[in-house]
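Read through the structure below, which is laid out as structure tokens, and then see the notes.
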Amino acid sequence: MAKAQATPPQLMASPEHLHAAHVFGDWGLPDRSTPNRTAIENQLDNLIDFYAGEVDRRSWYGFWNHGDIMHTYDSDRHRWRYDIGGFAWDNSELSPDLWLWYSVLRTGNAQAFRFAEAMTRHTGEVDVYHGGRFAGMGTRHGVQHWSDSSKQPRVSNASYRRIFYYLTADERVGDLMRDLLTSDQTLQQVEIGRKVPGAKKPVLPTGTIEMTFGTTWCPLAAAWLTEWERTGDSRWRDRIVAGLDSIGRLPHGWMTGSAPFDLASGRFVDQNRGIRLSHLNAVFGAVEVSSELIRLLDVPRYRTAWLDYCRWYNAPQAEYLAKFGAPFGPRNLREAHSRLTAYVAHETQDATLAARAAGEFLSVDAGLGTWPTDPRHTEGHVTEWPGVSTNASAQWGLAAIQCMALIPEALDRATIQSPETLGKRRLGDAGRD
């Protein structure tokens, strides 16, 4: 009876049934039919087992902390950087919630489900403001969950809750997502950036706010999508379509990065801006919600804009410069963005792009890497994964799941690099904003 109270039995639809329903974007069932797919599946299992085990090994408990995980490991001190601002509690940075829930969808693994459930409850309650001037905003990662000065929708993100809601019909989580429907209004009074804005802040038309596509609009669109799905209220569908269509009408589409957003109409305002690529724009649920929205809604301009972004973010420098000219800025999270290349390859049936995506995913460039063996080792009673970071783990996990679903044959033909071929390249160097 005690065990049943502590771990209540949970009804779970089979992964096969969920996959056959074609919900939640691009993912597939576990597949170990080839050596490369086996290596990737093993790494996915290793990551879940490692992080779930860290809860006990590192005592990630407590009223405020339970359900969250740490951001970056310190190999010199043999502990997570619990005391360094921006590297301590993760607070959903780079979507570990999504990585865990997609792992649950495809495997039905009970350990992954309990782990993801605890994170969903924690991040929805502790890392998000439920009242006051920050209502609807989440707090970026810090030593304390609410300590960072940046308050953003990328943390309160409905994408991190909706899979759990649809698997369980948990009404508390449903209420938390409904609370986010008008959180774009909060941005009239809240400065997302962590620093005081400078004098060169762009002048915006009356009734508009500056809004990034991936870290702000996509989390809001996930809340509107969920409300439309739950109620059938077409107002939320229409608000999504307005955003999709207006992004598609911008001269550089998704590659514009951000634009003024008209709160009344839900449309972005064209100021004829140039290209502005950010390594963070696609890693807070934008990939997943865009895939769902493109399937559900017929907005050709947005599909074109999204496919262009997927094609060009990771493009080789020579190809990019030939297309757009200078400048060619830095491209962080190349391994994570391989799933964007995989998406456009799949949608256009382009074998060359598929091969490029596979090479990006297996490049170990600003990411975790895929090893034939488990890289963990033991010192005394402490199990470590040297150089691990949650940014890299979460984004590698999502890229693995989506690339396996979209370009499996290209992955089979690619080469998995070993630690010996990489020399002194450091694992897990996925960067931070």
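Given the structure is predicted, the values throughout are model-derived calculations rather than measurements. Position 1 is the first residue of the sequence; numbering continues from there.
A centroid separation of 6.0 Å or more is found between the aromatic rings of W89 and H141. Separation of the Y160 and W101 ring centroids does not fall under the 6.0 Å cut-off.
The aromatic rings of W217 and Y302 lie tilted to each other, with the angle between the two planes from 30° to 60°.
Between the side chains of D97 and S92, at least one donor N or O lies within less than 3.5 Å of an accepting N or O. Donor-acceptor pairing under 3.5 Å is recorded for the side chains of S33 and D31. Looking only at atom types and distance, the side chain of T341 has a donor-acceptor partner in the side chain of R356 under 3.5 Å away.
Cation-pi contact between R230 and Y166: absent, since separation from the ring centre below 6.0 Å together with deviation from the ring axis within 45° is not met. Annotation: cation-pi pair R239/W224 present, NZ/CZ under 6.0 Å from the ring centroid and within 45° of its normal. For the pair R77 and Y73, the cation does not sit on the ring face, since its NZ or CZ is not both under 6.0 Å from the ring centre and inside 45° of the axis.
A heavy-atom distance below 4.5 Å is not found between the side chains of S75 and E384. Contact check for S147 versus T139: no side-chain heavy atoms found under the 4.5 Å cut-off. The shortest distance between side-chain heavy atoms of L277 and R331 falls below 4.5 Å. Taking 4.5 Å as the limit, every side-chain heavy atom of T186 sits out of range of all side-chain heavy atoms of K151.
A donor-acceptor pair is defined here as one N or O able to donate and one able to accept, closer than 3.5 Å; such a pair exists between the side chain of H19 and the backbone of W27. Checked by atom type and distance alone, the side chain of S291 never pairs as donor or acceptor with a backbone atom of V287 at under 3.5 Å.
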query = Step by step, would you call D184 with F261 a side-chain contact (heavy atoms from CB on, under 4.5 Å)?
reply = CA-CA 10 Å; D184 53 342; F261 180 77; 3.9 Å; yes
message = Using the rule given for ring-ring contact (aromatic ring centres under 6.0 Å, His included), can you reason through H279 versus H337, listing the C-alpha separation, both sets of side-chain angles and the distance that settles it, and then say yes or no?
response = CA-CA 9 Å; H279 67 287; H337 283 81; 8.1 Å; no
request  = List the steps, then state whether ring-ring contact (aromatic ring centres under 6.0 Å, His included) holds for W60 with W80.
outcome  = CA-CA 11 Å; W60 288 343; W80 293 84; 5.5 Å; yes
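Each of V128, T215, I192 was checked for a side-chain contact (heavy atoms from CB on, under 4.5 Å) with P153, and the lone residue meeting it is I192.
Within 6.0 Å of atom CZ in R32, more than 12 heavy atoms from other residues, nucleotides or ligands are found, so the atom counts as buried in its surroundings.
Between D26 and R295, at least one side-chain N (NZ, or NE/NH1/NH2) sits under 4.0 Å from a carboxylate O, which counts as a salt bridge.
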